[in-house]
Participant: 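Please find one structure pasted underneath; my questions will follow.
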Amino acid sequence: MRNEYFMKSLFPTKGDFDRNKFWSDIKGTGVITVAKLGVLGGFKKTQDNFSDGEMSFRLQSDYMHEAVYNSIQQLSMLYMPDEHLEFAPNQSGNERLFFKYKDYIFIIKLEGSSQNDTKSCNIINNQDADYHIITIAYSLGEMRNEVKSVSLQYIIGKYSLYSYYIPLDEEVYIPIDNDNEIAEVKKPKLKIVAKNSETV
């Protein structure tokens, strides 16, 4: 599954990116909820495992990237049980993490992080693959103690041609399997941060 998605297509058939079609393809499917909760869950797991502050930001970033990916994979089974998603294996730990859903490839990226200059990175950056590549982008606070944003972006080169920022403060329905229990609505905890000496 891995290499064929990041090879330059000899006969491109995907056409131009259509933001309305993309929205229609993901609306109501669970993709937005899974992306948001996947990033928040991966962040929490990273915070729990690196709470002593002894490890470098680089190691924490690598860990979080994989934790977000694993969290998205687990949550997709809960929120999208009837949908067909293909997740790339990550056995050696140095492969690109992505999943395919419908006519899109989803990758994960910390906003502002650099990428290696490889053939597959160039194909991703130029949208030269057979499928449109959607970036699940997230940003962290200056001290890396909170998730500031989660978005779905369609990027070509250094420009984002489409961005949908997912509200982080909306309540999320958590489905449960046991009919004898009552499903509860959970609200993510938000941290209030100060900007320029003013509380936001």
Side-chain angles (χ1 to χ4, degrees), residues 1-43 65-90 95-111 115 120-139 147-175 183 185-186 188:
M1 170 186 171
R2 175 163 302 279
N3 293 329
E4 66 267 23
Y5 289 140
F6 296 112
M7 295 175 67
K8 190 166 184 174
S9 178
L10 296 174
F11 306 102
T13 57
K14 67 181 178 185
D16 293 335
F17 178 73
D18 182 338
R19 65 181 62 211
N20 295 322
K21 181 182 184 308
F22 173 67
W23 182 251
S24 175
D25 285 344
I26 67 164
K27 186 178 179 185
T29 63
V31 167
I32 293 169
T33 299
V34 166
K36 174 172 99 170
L37 294 182
V39 171
L40 294 175
F43 174 76
H65 188 75
E66 194 161 337
V68 167
Y69 181 76
N70 291 337
S71 183
I72 287 173
Q73 188 169 9
Q74 292 162 3
L75 288 164
S76 70
M77 292 183 273
L78 180 65
Y79 286 94
M80 304 172 71
D82 299 324
E83 299 282 352
H84 179 69
L85 290 86
E86 293 179 60
F87 285 84
N90 184 33
E95 292 133 336
R96 176 168 296 283
L97 302 178
F98 70 93
F99 65 94
K100 181 182 173 295
Y101 176 62
K102 294 188 177 178
D103 293 327
Y104 308 96
I105 295 172
F106 291 80
I107 62 171
I108 304 160
K109 187 175 189 302
L110 171 63
E111 287 197 31
Q115 290 183 326
S120 65
C121 283
N122 291 331
I123 288 171
I124 290 167
N125 291 337
N126 296 320
Q127 290 285 348
D128 285 335
D130 282 337
Y131 298 92
H132 292 296
I133 299 169
I134 305 297
T135 300
I136 300 173
Y138 62 92
S139 65
V147 176
K148 298 281 282 184
S149 68
V150 179
S151 62
L152 302 177
Q153 298 186 27
Y154 185 79
I155 300 169
I156 295 182
K158 296 182 180 179
Y159 301 100
S160 179
L161 302 185
Y162 171 84
S163 296
Y164 173 73
Y165 282 84
I166 302 170
L168 297 180
D169 57 350
E170 288 184 358
E171 294 181 341
V172 177
Y173 171 72
I174 310 291
V185 174
K186 296 199 174 184

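Please read all numbers here as calculations on a predicted model, not as lab measurements.
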Participant: Which heavy atom in Gly30 sits nearest to a heavy atom in Met80, and how many Å separate them?
Facilitator: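 Result for this residue pair: C-SD, 3.8 Å.
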Participant: Quick one: CD on Glu83 to CD1 on Ile26, what's the gap to the nearest 0.5 Å?
Facilitator: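 Separation between the atoms: 11.5 Å.
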Participant: Looking at Val34, Thr33, Asn70, which one forms a side-chain contact (heavy atoms from CB on, under 4.5 Å) with Leu75?
Facilitator: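 For Leu75, the side-chain contact (heavy atoms from CB on, under 4.5 Å) check succeeds only for Val34.
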Participant: Please round to the nearest 0.5 Å and tell me the distance separating atom NZ of Lys100 and atom CD1 of Ile134.
Facilitator: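 Those atoms lie 12.5 Å apart.
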Participant: Report the distance from atom CG of Leu40 to atom CG of Leu168, rounding to the nearest 0.5 Å.
Facilitator: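 Leu40 atom CG to Leu168 atom CG measures 6.0 Å (nearest 0.5 Å).
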Participant: What's the spacing between Asp128 CG and Ser120 OG if we round to 0.5 Å?
Facilitator: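 Here the interatomic distance stands at 12.0 Å.
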Participant: Over all heavy atoms of both residues, which pair between Ser163 and Tyr165 is shortest? Give the atoms and the distance, please.
Facilitator: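 Shortest heavy-atom separation between Ser163 and Tyr165 comes out as CB-CE1, 3.8 Å.
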Participant: Would you mind telling me which of Leu161, Asp16, Ile133 makes a side-chain contact (heavy atoms from CB on, under 4.5 Å) with Gln127?
Facilitator: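 Checked Leu161, Asp16, Ile133 against Gln127; only one passes side-chain contact (heavy atoms from CB on, under 4.5 Å): Ile133.
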Participant: Only counting residues at least two apart or in another chain, list the ones meeting side-chain contact (heavy atoms from CB on, under 4.5 Å) with Leu110.
Facilitator: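 For Leu110, the residues satisfying side-chain contact (heavy atoms from CB on, under 4.5 Å) (neighbours in sequence not counted) are Ser61, Ser113, Tyr138, Leu140, Arg144.
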Participant: For Tyr69 versus Ala88, what's the shortest heavy-atom pair and its separation?
Facilitator: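 Distance-wise, the nearest heavy atoms are OH-O, 2.7 Å.
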Participant: Measure the shortest side-chain to side-chain distance between Tyr164 and Trp23 over non-hydrogen atoms and say whether it is less than 4.5 angstrom.
Facilitator: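 With C-beta onward as the side chain, the pair touches.
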Participant: To the nearest 0.5 angstrom, please state how far the CG atom of Asp103 sits from the CZ atom of Phe22.
Facilitator: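 If we round to the nearest 0.5 Å, Asp103:CG and Phe22:CZ are 11.5 Å apart.
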Participant: Would Tyr154 and His132 count as a side-chain contact (heavy atoms from CB on, under 4.5 Å) if you check the C-alpha gap in whole Å, the side-chain angles of each, and the deciding distance to 0.1 Å?
Facilitator: CA-CA 8 Å; Tyr154 185 79; His132 292 296; 3.0 Å; yes
Participant: Determine the interplanar angle of the Phe99 and Phe106 rings, folded into 0 to 90°, and report it as parallel if under 30°, tilted if 30 to 60°, perpendicular if over 60°.
Facilitator: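 Because their plane-to-plane angle is under 30°, the rings of Phe99 and Phe106 count as parallel.
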Participant: What closest approach, in Å, do Ala35 and Leu152 show between heavy atoms, and which atom pair accounts for it?
Facilitator: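 Taking Ala35 first and Leu152 second, the nearest heavy atoms are CB-CD2, 4.3 Å.
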Participant: Taking the side chain from Lys14 and the backbone from Ala129, do they hold a donor-acceptor pair closer than 3.5 Å?
Facilitator: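 Indeed, once roles are kept as given, a pair shorter than 3.5 Å links the two residues.
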Participant: Give the minimum heavy-atom separation between Ser139 and Ser149, together with the two atoms involved.
Facilitator: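 Answer, listing the atom of Ser139 first, then Ser149: OG-OG, 2.6 Å.
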Participant: Under 30°, 30 to 60°, or over 60°: which ring-plane class applies to Tyr104 and Phe17, parallel, tilted or perpendicular?
Facilitator: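 Rings of Tyr104 and Phe17: perpendicular, as their planes differ by over 60°.
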Participant: Does any part of the side chain of Ile136, heavy atoms only, come nearer than 4.5 Å to the side chain of Ile72, both counted from C-beta?
Facilitator: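 Yes, close enough: below the 4.5 Å cut-off.
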Participant: With a 3.5 Å distance limit and no angle check, can you tell me whether Tyr79 reaches the backbone of Val31 through a side-chain donor-acceptor pair?
Facilitator: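 No; zero donor-acceptor contacts below 3.5 Å.
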Participant: How far does CG of Asp82 sit from OG1 of Thr29, to the nearest 0.5 angstrom?
Facilitator: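 Answer rounded to 0.5 Å: 12.0 Å.
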Participant: Quick one: salt bridge (Lys or Arg N to Asp or Glu O under 4.0 Å) partners of Asp25, sequence neighbours excluded?
Facilitator: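 Asp25: salt bridge (Lys or Arg N to Asp or Glu O under 4.0 Å) contacts with Lys21.
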